[in-house]
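Notes follow the structure.
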Amino acid sequence: MTLTTPVQPAVVTTDEIFAAHEGGKLRIELARPIDTRRDLAIVYTPGVAEVSRAIHTDAAVAASHTWASRLVAVVSDGTAVLGLGDIGPAAALPVMEGKSALFQRFAGLNSIPLVLDTTNVDEIVETLVRLQHSFGAVNLEDVSAPRCFELEAKLIEALDMPVMHDDQHGTAVVVLAAITNGAKVLGRDRAGLRVVVSGAGAAGIAIAAILLEVGIRDVVLLDSRGILSGHRIDLTGVKAEFAGTSNPRQIDGGPAQALAGADVFVGVSSSTVEESLLATMSDDAMIFALSNPDPEVAPDVAGRYARIVATGRSDYPNQINNVLAFPGIFRGALDAGARRITTAMKIAAAMAIADLVGDDLAADFIVPSPFDERVADAVAAAVMAAV
């Protein structure tokens, strides 16, 4: 198999898709049977009153005698759903159900989708604060930038539990794992790579942040108006901050200036890249075209100019898939009783993902399969060790 040869995907019909989603993808199942009057007396009244009294006396009992401590709330306002954009909370719910299903399948965690009919950051925070005794962690999903940065920061301060916007940090963790292993394949020093990130939204900013944190010094961010640099006067907020901490050569311009001599291209935007610009990248480049379903660069085109090609798709090698990261990160954080998901925990997760590839490391195999049953366990253990 070459980098330009897709993996043969399963043929899926529209009828199959709608049939699989009919009635939703989730259900609540009993942890213990309720078959007799005695069972009922234990699980519900009068027996349950004993547990309620104990929690009232000692709130810590709730962690061991309710499901809240192992329940993840998957929260969205429907403003940035997949590649569909602002389609609203009702249309976002099938995606959130899917995310909850992945928590159960890959980490054994209970999860509940919550879609909120407001885009006001403070209203979302207030809603989750009022509901906080019902769950043990919050996975933010499909919230548009730049609001997602403010929302995550405010929730981290307001809630005494792990909070993570997976569109930001899950993507960043897997990209770091892929770049780490890609550098090994190419015999390159990771810190010396010149990286271009196309897209300065949720994922792009988080990717840049984690790459800078591990010592990759030359990271250049692009938004729709060009390179983020200290020379631009139109930048505010997070973009202005990263214009000062990234782009050490302080180059200006657009994709042409950014890609000249670059070692790594990471695409997390809906823009396309001209083929002629790929030819200006360094020899033995890496191209991660991660937009779905249509990558910034077609994989077969990318393969003409890069030794390592990755996409977000399941029908090509090197799938950069968040499911490698978020189930294990949340399970590790909850098992450790962590109050926050820290940068150190995310980096530890990335290194655990990278290490699983082992002796099979190759240009077309830089990250493990999402169905590698070792992944969630390894990530959870690494996260716990980093707490």
Side-chain angles (χ1 to χ4, degrees), residues 73-83 85-86 89 92 96 99 114-116 118-129 137-176 197-214 219-225 227-230 232 234-247 266-270 290-291 322 325-326 329-330 333 339-347 349-350:
V74 177
V75 179
S76 180
D77 61 3
T79 55
V81 181
L82 301 176
D86 186 355
M96 302 311 119
K99 197 78 170 192
L114 297 175
V115 290
L116 304 182
T118 177
T119 60
N120 182 285
V121 167
D122 290 332
E123 288 181 358
I124 295 173
V125 172
E126 181 182 7
T127 299
L128 295 178
V129 166
V138 173
N139 180 104
L140 290 172
E141 193 77 18
D142 293 348
V143 179
S144 62
R147 294 166 45 258
C148 60
F149 304 115
E150 179 187 5
L151 176 58
E152 184 187 52
K154 286 188 172 183
L155 281 173
I156 287 171
E157 290 304 314
L159 298 175
D160 191 29
M161 64 180 67
V163 174
M164 188 176 84
H165 186 200
D166 184 52
D167 298 313
Q168 294 182 60
H169 306 295
T171 306
V173 164
V174 184
V175 167
L176 174 57
V197 180
S198 178
I205 291 292
I207 291 167
I210 202 167
L211 296 183
L212 291 167
E213 187 69 30
V214 298
V219 179
V220 173
L221 273 161
L222 284 161
D223 68 6
S224 59
R225 295 185 177 183
I227 296 170
L228 269 57
S229 79
R232 283 180 54 178
D234 62 324
L235 299 176
T236 59
V238 175
K239 287 186 181 181
E241 175 187 341
F242 274 85
T245 58
S246 64
N247 190 6
V266 181
V268 281
S269 70
S270 58
L290 306 184
S291 290
N322 287 17
F326 72 82
I329 289 174
F330 274 95
R339 298 171 58 189
R340 300 284 187 270
I341 294 174
T342 65
T343 299
M345 293 157 72
K346 297 167 198 170
I347 294 171

Test item: [X] and [Y] side chains (from C-beta on) under 4.5 Å apart, heavy atoms:
{"X": "V175", "Y": "L290", "result": "yes"}
{"X": "D167", "Y": "L140", "result": "no"}
{"X": "D122", "Y": "K154", "result": "yes"}
{"X": "L159", "Y": "V129", "result": "yes"}
{"X": "I329", "Y": "M345", "result": "no"}

Minimal non-hydrogen separation, [X] against [Y], with atom names:
{"X": "M161", "Y": "A137", "result": "SD-N, 3.6 Å"}
{"X": "V121", "Y": "R147", "result": "CG2-O, 4.1 Å"}
{"X": "D142", "Y": "M96", "result": "OD2-CE, 3.3 Å"}
{"X": "V219", "Y": "A208", "result": "CG1-CB, 4.0 Å"}
{"X": "V197", "Y": "V268", "result": "CG1-CG2, 4.1 Å"}
{"X": "G199", "Y": "L221", "result": "O-CD2, 3.9 Å"}

Interatomic spacing from [atom1] in [X] to [atom2] in [Y] - rounded to 0.5 Å:
{"X": "F242", "Y": "L235", "atom1": "CZ", "atom2": "CG", "value": "12.5 Å"}
{"X": "N247", "Y": "S229", "atom1": "CG", "atom2": "OG", "value": "6.0 Å"}
{"X": "S76", "Y": "D166", "atom1": "OG", "atom2": "CG", "value": "12.0 Å"}
{"X": "T343", "Y": "H169", "atom1": "OG1", "atom2": "NE2", "value": "8.0 Å"}
{"X": "F326", "Y": "M164", "atom1": "CZ", "atom2": "CE", "value": "8.0 Å"}
{"X": "T245", "Y": "L228", "atom1": "OG1", "atom2": "CG", "value": "9.5 Å"}

Lys/Arg N to Asp/Glu carboxylate O, R232 vs D223, below 4.0 Å: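 Result for this pair is yes, salt bridge flagged.
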Salt-bridge present (D234, K239; N to O < 4.0 Å): no
Worked check of side-chain contact (heavy atoms from CB on, under 4.5 Å) between Q168 and I205: CA-CA 8 Å; Q168 294 182 60; I205 291 292; 5.6 Å; no
Polar side chain donor-acceptor pair, D86 to T79, under 3.5 angstrom: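 There is no such pair between these side chains.
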Check: N120/T118 side-chain N/O donor and acceptor closer than 3.5 Å: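 Result is no, nothing qualifies.
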Intermediate values then yes/no, side-chain contact (heavy atoms from CB on, under 4.5 Å), V143 and E152: CA-CA 10 Å; V143 179; E152 184 187 52; over 6 Å; no
Stepwise side-chain contact (heavy atoms from CB on, under 4.5 Å) check, L176 with L211: CA-CA 7 Å; L176 174 57; L211 296 183; 4.0 Å; yes
